[in-house]
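Report on the following structure.
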Protein chains: 2
Amino acid sequence: MASAETPKLWNFSAGPAILPPVVFERAAEAVRELRADGHAATAPGVGLSILEISHRSKPYEAVTFGAEQLCHDVLGIPETHQVLFLQGGASLQFAMLAMNLREAGKPAAYIDTGVWSQKAIAESQGLGETTVIASSAASNYDRIPAFPPAEAYANASYLHITTNNTIFGTEYAEIPEAAGGVPLVIDFSSHAGSRPMALERAAFGYAGAQKNLGPSGVTLVYIRKDLLNKKPAAHVPVVLRYATHAKEPSLYNTPNTFGVLVLKLVLEWMRDQGGMPAIAAVNERKAGQLYATLDRSQVFRAHAQPGSRSRMNVTWTANGAPEAEREALSSRFLKEAQKAGFDGLKGHRLVGGFRASIYNAFPEAGVAALCEFMAEFERRL
Amino acid sequence: MASAETPKLWNFSAGPAILPPVVFERAAEAVRELRADGHAATAPGVGLSILEISHRSKPYEAVTFGAEQLCHDVLGIPETHQVLFLQGGASLQFAMLAMNLREAGKPAAYIDTGVWSQKAIAESQGLGETTVIASSAASNYDRIPAFPPAEAYANASYLHITTNNTIFGTEYAEIPEAAGGVPLVIDFSSHAGSRPMALERAAFGYAGAQKNLGPSGVTLVYIRKDLLNKKPAAHVPVVLRYATHAKEPSLYNTPNTFGVLVLKLVLEWMRDQGGMPAIAAVNERKAGQLYATLDRSQVFRAHAQPGSRSRMNVTWTANGAPEAEREALSSRFLKEAQKAGFDGLKGHRLVGGFRASIYNAFPEAGVAALCEFMAEFERRL
């Protein structure tokens, strides 16, 4: 763990990702001994580690129900929706949502904004009729496509969007409203908890925790309660039904108890920072500074177009020159950046170049240091 | 976390369960900063917490591949089988194995030894023809039924058994051999790593880690490699296919990175204790002492019959007297035991009475203390 002031490494990893130092401290503490009241800071120890305590115990119930309430209070998930902590990541949700939310005779509609959308689409296609009603593939996913008119998905079981795209670095500026009562489904994995969002516009949302929300191994799901009574179109195994996990909320089978505790610690940190508005202000400053540096650069170019730019994952490539030259420059930049303590900047192969994931817990000082490093690199060319 | 000598509480929880003190220490350390070589004791720190490091990084690869090798070396999983670390617990495996291992036109065969078998059976029944070829339901699951003759499962896709039953406290003395090349499938969640086992007799095995192997949120799976090439009878989502997870071993999607690290630490502890034979010797002493106390008692009676008794989960009830009297005695025993620091002894409602889960990391001193407490309780009656 890097201290906030003088880290050994600036961790730009796309996920699992950096968490606040206080969360690391308190999580390590709970591995030694969990405290009462869901690890409340002033509560006495319960004599057991979070790793060994039964998920049916009172201290763990305080962890999971505390985390659930914080999802409503801090993230703004409306009380009309049930919060669930599941396992298997967003990847399991791609399949599980398609199994549960598809209605007989109605296709599932998807908007394609890149790799994660496509994985969701592929699982849906395996299970039934699927229509892709918009895509930005033609411009290598450098933008969020215009939101389609109501006719495009009027008869759909649901409309699925990926609201932030880690690989291409794009983000919906707002969660859109689906027309005609078609349930909107959002994969908001990589920007959950980064700003105030109109989460109530989605009937169903899911997020792998390992970006802003916590460690890997926990998936945050929220589902409008009326959907829990809908019969899916085909047989769905008991363990893969949302109704199963809603009945005994997140306790149908043994949850990732440590992961849920860390999620709770992160949500408390968010609350203590001033909640979503305060966190959004910091994220806007960080992303703003980095995009401004890129837009000023003669050497680098942001991949995502203005209006679609992610505040969490900033992607860019070397600019202009012939391919061989660009590649040499990219290698050199990555090598020098790594040496200077900037870790995890290599872009995904589908975009090439670079990616800086600057999640909530990534310090402003780290962004400033990177911007300074980039400018200095450019001067030395 | 309780220290080995003078714990605040003796943790008899059925799972998540007690882990060795050194594992708690090293896990807490890794939350602060992961070390190189998969958190090798003498290696330098890598500058990042296990909670924030990318699962695609070299240090995490050393964690997961190190843990995988230890599963072969310490647990004795044969090299003919692929080890996988998945999420979702044994409950997800109930559905996943039935989706993957069923062959067209061939029923799935199950032996019913109680609640966990029944949950596995229910998921199979939802997906296709399922036959239950033996059961000990008639005697409230107080024994493992005689292993059925080959004819009973000759045409089965596979034969599924639950080799240790936490709720009823029964255990297969040996992993049986299935005849006629029918793949044997074992749920060995609650005694994995407790003794040398003929794991090679199973084509497929799975274990939720939260007993002997680690924290909740990780499932150990091992699968004979030829089964990875078999086409399942029906469409199976990509994320629910074993072949998907075997292709990039346990790295298809973001794993529970912390959970896999703790699993690795536990396996190293097992190795350092002298491996399965040394661990089995301790477990036999612990269970032997507790069953001897029960067999001597005038007040308590072991639920499981000799020959089927679990060395991990010892279940017993109050003996003889009329029901109301037994219940009063049971309440009194539980209350006094809790006060004396024995935590988690309440039996499952299906058996009533008491259960002591005495997994690997549960200290012999704790068993001796419980036996002494029981004898003293009996003297005071």
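A note on names: the letters A, B, ... follow the listed sequences, proteins ahead of strands, and every chain is numbered from 1.
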Q.
Using heavy-atom distances under 4.5 Å, tell me whether B/A17 contacts chain A through its side chain, its backbone, both, or neither.
A. backbone
(Q) Need one label for A/M96: side chain, backbone, both or neither, based on atoms under 4.5 Å from any heavy atom in chain B. (A) neither
Q) What part of B/Y60 lies closer than 4.5 angstrom to a heavy atom of chain A: side chain, backbone, both or neither? A) neither
Q: State, yes or no, whether a side-chain contact exists between A/V31 and B/F258 at a heavy-atom distance under 4.5 Å.
A: yes
(Q) Using a 3.5 Å distance criterion without hydrogens, assess whether the side chain of B/S216 forms a donor-acceptor pair with backbone atoms of A/P255. (A) yes
**Q.** Rounded distance [0.5 Å steps], NZ in A/K346 versus OG in B/S54
**A.** 12.5 Å
Q | Side-chain heavy-atom pair A/E25, B/R32 within 4.5 angstrom cut-off | A | yes
Q | B/L240 portion near chain A, given a 4.5 angstrom heavy-atom threshold | A | side chain
(Q) So B/F24 and A/S49, do their side chains get closer than 4.5 Å, heavy atoms only? (A) yes
Q) Does any heavy atom of chain A fall under 4.5 Å from the side chain of B/I53, the backbone, both, or neither of them? A) backbone
Q: May I ask you to decide if A/N256's main-chain N or O and B/N256's side chain share a donor-acceptor pair within less than 3.5 Å?
A: no
**Q.** Part of B/H235 lying under 4.5 Å from any heavy atom of chain A
**A.** side chain
